[in-house]
Amino acid sequence: MPKESTKSSKRKAVDKAEKAPKAKAKRDPKAPKRALSAYMFFSQDWRERIKAENPDAGFGEIGKLLGAKWKELDDSEKKPYIEQAARDKARAEQEKSEYDNKKADSAGSGDGGDEDDE
DNA sequence: TGAGTGATTGTTAAT
DNA sequence: ATTAACAATCACTCA
């Protein structure tokens, strides 16, 4: 059985389940961005289905419908999406790698080699 | 070393 | 461009 060592706490954040006051835009100028989550891939595949059966459904309907279906799916059904998420995660790792690389590089040289206009 | 925190992903549609 | 529920996430940071 998989050992569940530390998973006894981080719950608090999830447990809160409070209404999102508002999503933040971003903090770092070149945020390496994270990886997409299974839900992202799931939505990409389902969004068309949801709209197909709910052409009038706006965002609220789709969002709730999507989430409802997502939970309806079996772990095996989500697996493919999770795998995609895992794949993207690896991609994100590379992104971070570059970000970390640049970061370390610019840190030493005062002036940033490449400066994006922003 | 462990804990948890926040930031991020994508959809649609309106503003 | 931004925001909003919907869900996952999980890499980073700190003491």
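Atom set for the values below is all heavy atoms of this structure, side chains included, hydrogens, waters and symmetry mates excluded. Each chain gets a letter, A, B and so on, in the order the sequences are listed, and its residues count up from 1.
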Main-chain N/O of A:S43 paired to A:Y81 side chain as donor or acceptor, under 3.5 Å: no
Nearest listed nucleotide, side chain of A:W70, among B:dT12, C:dC6, C:dA7: C:dA7
Residues in side-chain hydrogen bond (donor to acceptor under 3.5 Å, both in side chains) contact with A:K89, at least two apart in sequence or another chain: A:E93
Nearest-neighbour nucleotide for the A:Y39 side chain, C:dA5, B:dT12, B:dG10 considered: B:dG10
Whole angstrom value for the distance that separates C1' of C:dA7 from CD1 of A:I82: 12 Å
Distance, rounded to the nearest Å, where A:R49 contributes CZ and B:dT11 contributes C1': 15 Å
Under-4.0 Å side-chain N/O to phosphate OP1/OP2 contact, A:K89 with C:dA11: yes
Presence of A:K96 side-chain N/O under 4.0 Å of C:dC12 phosphate oxygens OP1/OP2: yes
Value in whole Å for how far the C1' atom of B:dT11 lies from CZ of A:F41: 13 Å
Closest nucleotide among C:dC6, C:dA11, B:dT9 to the A:K64 side chain: C:dC6
Atom pair CZ (A:F42) and NZ (A:K69), whose distance is rounded to the nearest 0.5 Å: 9.0 Å
Side-chain donor/acceptor of A:R34 to base of C:dT9, under 3.5 Å: yes
Chi angles and distances behind the side chain to side chain contact (heavy atoms under 4.5 Å, CB included) call for A:W46, A:L65: CA-CA 10 Å; A:W46 267 82; A:L65 253 153; over 6 Å; no
Over 12 foreign heavy atoms within 6.0 Å of CD, A:E48: yes
Separation of C:dA7 C1' from A:L73 CG (nearest whole Å): 12 Å
Inter-axis angle, terminal five-pair segments of the helix from B:dT1-C:dA15 to B:dT15-C:dA1 [nearest 10°]: 70°
Whole-Å distance separating the CH2 atom of A:W46 from the P atom of C:dA5: 23 Å
Among C:dA4, C:dA11, B:dT8, the one nearest A:F59 by side-chain distance: C:dA4
Short side-chain N/O contact from A:K51 to OP1 or OP2 of B:dA13, under 4.0 Å: yes
For atom CE of A:M40 and atom C1' of C:dA7, their distance in whole Å: 7 Å
d(CZ, A:F42; C1', C:dA5) in whole Å: 14 Å
Those residues that, when tested against A:R49, pass salt bridge (Lys or Arg N to Asp or Glu O under 4.0 Å) (two or more places apart): none
A:M40 with A:F59, same ILVMFWY side-chain cluster at under 4.5 Å: no
Nearest-angstrom distance from the residue atom CZ of A:R87 to P of B:dT9: 18 Å
Which residue lies more 5' along DNA chain C, comparing A:L66 with A:L36 via nearest heavy atoms: A:L66
From CD (A:E95) to CG (A:D88), nearest 0.5 Å: 7.5 Å
5'-most by nearest nucleotide on DNA chain C - A:E93 or A:K78: A:K78
